[in-house]
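Remarks on the structure that follows.
Just so it is clear, the values below take in all heavy atoms, side chains as well, and ignore hydrogens, waters and symmetry mates.
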Amino acid sequence: MMDAVAMTNERNQMFRDLFSGKTPQRVPISNPATQDFAIQYAGLDLAECQWDLTKLEQVYNKFCQDFFTDTYPGGSIRIPSHYQILGSTCIVMSSSGFMQHPEVVGLLAEEYDQFIASPYDCLVETILPRLYTELNGSPAKVAMALAKAMRAKSDDLAYLGTIQAKMNAKYGYATMVRALTEAPFDFLADFLRSFKGISGDVRRCPDKVAAACEAVLPLMIKKGTLPNSSMLGATFIPLHMAPYLRDKDFATLYWPTFKKLVETLVGMGQKVELFVEQDWMRYLDYLYELPENTIMRFEYGDAKLVKEKLGKKHIISGFYPVTLLQTGSKQQCVDKAKELLDILAPGGKYWWQADKSIINLDVNGPVVENLRAVLDYVHENGSY
Amino acid sequence: MIDLQVLTQAVGDLDEKAILTMVKDFVATNPSGEDAQKVVFACQQGMAIVGDLFEKNEYYVGDLIFAGELLSQTIDLLKPVLSSVVTQKVGSIVIGTVEGDLHDIGKNIFGSMAEAAGFEVYDLGIDVSPGAFVEKVKEVKPQIIGMSGVLTLAIDPMKNTVKALNEAGLRDSVKIIIGGNPVNADACKQIGADAFTTNAAEGLKTCQGWVK
Amino acid sequence: MLGGEDKMDSKYYITWEEYLADHPELERKSKQAIEPKIQKYEDIMFTFIMDLVL
Ligand code: B12
């Protein structure tokens, strides 16, 4: 049995190879299940554990022990404390304890010009006070709320960071850093104009939408910048709105600033990992244009076609349907993993991830068994 | 009098300015309730064009949302002159986003298309418990229930809702359709729904088939 | 260079050069030690703010 440090080194090498376009020793794997799943898997209360993080070490221990993965399985987390302290209306806990995003409007249509003139000022002065009730009021109240929230988040992140370090040391995971940013159009849509708002703007004031995307691009670049570009890791960019747009709106409003974002980050020496959400099959020619070895994790679409069109230039990931783990038999789940491995692994440039995060656990359902079987199958059969 | 065919086409084209000008001019003539009803009907036919273009991949979800907004603006304008006539409904649907999920964009799109197609739509909102579905079904006795969810965690609550309807002895009195990103044939079977879709226009056709 | 901040042009994001121009007294003190610290908290605040709308 290899010790954990050697395993970390080996896995880091695997990802370095993958990211530079070399064939790694085997297909690297990331467990798609998240902290929410892990808490429920440990039989604990979801809401309580997200408030009282001290329970999480045992949660992660069990989770890491029981499910194979090459990277720490604690991705995409929203911790409730600072959202609560700030009076968040845009990220709230649902009855199940899952942190969710209801449709809200942070920026009004008549505020486009203000936003375009200085997006960051507008965020601080207009958008945040609208989305976070405690950031709206007297300067003293706002200052207090902000200070408490900063401290809460920083405490929570530090605590989670300690757990991650312990798990990395124990299970020998690859040690990668991550930055998060968004395509300018998605940033404008998600928390600012809302899905509904942006859908109207695209028809009513496309020029302003385009100008707003340009204006916000420097912020998105800065947000996506890694602490040090030579570190092993990538800037993660989840992609949202493109499948809901007409081709011509995509071409004029979405693509130009998104492409600049990716090119700039890559130009700075960083890797970029796109989460290509929903179905992008009609945009494959665009994706091809992006700098070589861009990582693309797909949700839906034709894996064969993607391998054919993009697989020589870019690093492909995703496609594995999480819903199958909920409804399929173990054999069906493993067969699906084999099918994707056969299509996507040849020639390297494949990273096993699922099409979605697994964000909950039905204790009576088959997901635990199915997920474990799939992870083990890919681990055992993914060697080059 | 307003040219109904032109109006229908303008709705199909999602030409906001043209639609609003036409409808405002029409309302200014102080029309009869019956004529106003014809205008509503023309808009509904325009929405059917929108649905067709969506199915042909000429329009996308963003366009459906915009269409829903245009339609509700139009109905608001017409309300004052509409009040005198009782409208004939083609059927009734109870819709809601299931427990644990707070996403309503897809549900709202379907709701406004169903309304435009002449359904009486009772919208229970988001994070709707099985019990709340059961209560509403008892109260309004709809022909159809539409459950929506964006997250995979919606599958279990959908299952539980069907179970609750069964236990209340109501399952056989309604048709159930589920919609949203995580639904598919297997999920539909497990949940015990009658139909599933990830496409609002297709879902509407299914519902129309049920009330024929 | 950190990407983009040169073009951010905001009253709420102050680059070190701007900061120094406003606090000339720091010129004489341990500039090399102060700069990264002031810059660090400027950047932490930026990330915190942006994460609230991401
Ligand atoms: C946009 C988006 C967001 C936006 C939401 C913006 C907003 N205003 O709502 C933002 C950025 C805030 C966001 C945040 C998150 N998201 Co998100 N998001 C999406 C995305 C890209 C689109 C969802 C959407 O709104 N679609 C548009 C609607 C209109 O489509 P629809 O619901 O399918 O509806 C259509 C049909 O299905 C049908 N329909 C719908 N309901 C009904 C009902 C009936 C009766 C009928 C007949 C028809 C019908 O009609 C519609 C039109 O045809 C999806 C990807 C995807 N494939 O869906 C991920 C996705 C939903 N997100 C996901 C996640 C994980 C998150 C986060 C948890 C990430 C994080 N860690 O923070 C957060 C917070 C959780 C949350 N979503 O609340 C995951 C969920 C994974 C899972 N296991 O379910 C997805 C699937 C992405 C992925 N591949 O992993 N998200």
- Message: Taking NZ in B:Lys89 as the centre, count heavy atoms belonging to other residues, nucleotides or ligands within less than 6.0 Å. Is the count above 12?
- Response: yes

- Message: Quick check for you: among B:Asp186, B:Asn57, B:Asn181, which has the greatest number of heavy-atom pairs under 4.5 Å with chain A?
- Response: B:Asn181

- Query: What distance do A:Asp362 atom CG and B:Lys159 atom NZ have between them, rounded to the nearest 0.5 Å?
  - Reply: 5.5 Å

- Of all heavy-atom pairs between A:Thr323 and B:Pro182, which one has the smallest distance, and what is that distance? CG2-O, 3.5 Å

- Over 12 non-hydrogen atoms of neighbours within 6.0 angstrom of CD in A:Glu369: no

- Minimal heavy-atom distance between A:Ser94 and B:Gly100, with the atoms involved, is OG-O, 3.3 Å

- Evaluate the side-chain proximity of B:Asn108 to A:Phe195: yes if any heavy-atom separation is below 4.5 Å, no if none is. no

- Message: Between B:Asp104, B:Asp156, B:Leu64, B:Asn184, who has the most heavy-atom pairs with chain A when the cutoff is under 4.5 Å?
- Response: B:Asp156

- Message: Rounded at 0.5 Å granularity, tell me how far CG in B:Asp63 sits from OH in A:Tyr244.
- Response: 13.5 Å

- Query: Cationic tip of A:Arg282 within the cone over B:Tyr60's six-membered ring, i.e. under 6.0 Å and within 45° of the normal?
  - Reply: yes

- Using a 4.5 Å cut-off on heavy atoms from C-beta on, say whether the side chain of A:Val92 contacts that of B:Leu102. yes

- Task: Can you tell which part of A:Arg203 gets under 4.5 Å to a heavy atom of chain B, answering side chain, backbone, both or neither?
- Result: side chain

- Query: Which distance, rounded to the nearest 0.5 Å, do you find between the OG1 of B:Thr152 and the CG of A:Asn360?
  - Reply: 5.5 Å

- Task: Nearest 0.5 Å please: distance from the CZ atom of A:Arg246 over to the CD atom of B:Glu58.
- Result: 10.5 Å

- Message: Is it true that, when you exclude A:Tyr286 itself, more than 12 heavy atoms of the residues, nucleotides or ligands shown sit nearer than 6.0 Å to its OH?
- Response: yes

- Can you tell which of B:Val150, B:Ile155, B:Asp101 has the highest number of heavy-atom pairs within less than 4.5 Å of chain A? B:Asp101

- Task: Please determine, among A:Gln326, A:Lys356, A:Glu103, the option with the most heavy-atom pairs under 4.5 Å with chain B.
- Result: A:Gln326

- Note on the structure: Of B:Ile109, B:Leu151, B:Leu70, B:Ile126, the largest count of non-hydrogen pairs under 4.5 angstrom with chain A goes to B:Leu151

- Message: Taking side chain as everything from C-beta outward and backbone as N, CA, C, O, which of these in A:Pro243 sits under 4.5 Å from a heavy atom of chain B? Side chain, backbone, both or neither.
- Response: backbone

- Task: Side-chain contact test, heavy atoms from C-beta onward, threshold under 4.5 Å: evaluate it for A:Arg204 versus B:Phe66 and give yes or no.
- Result: yes

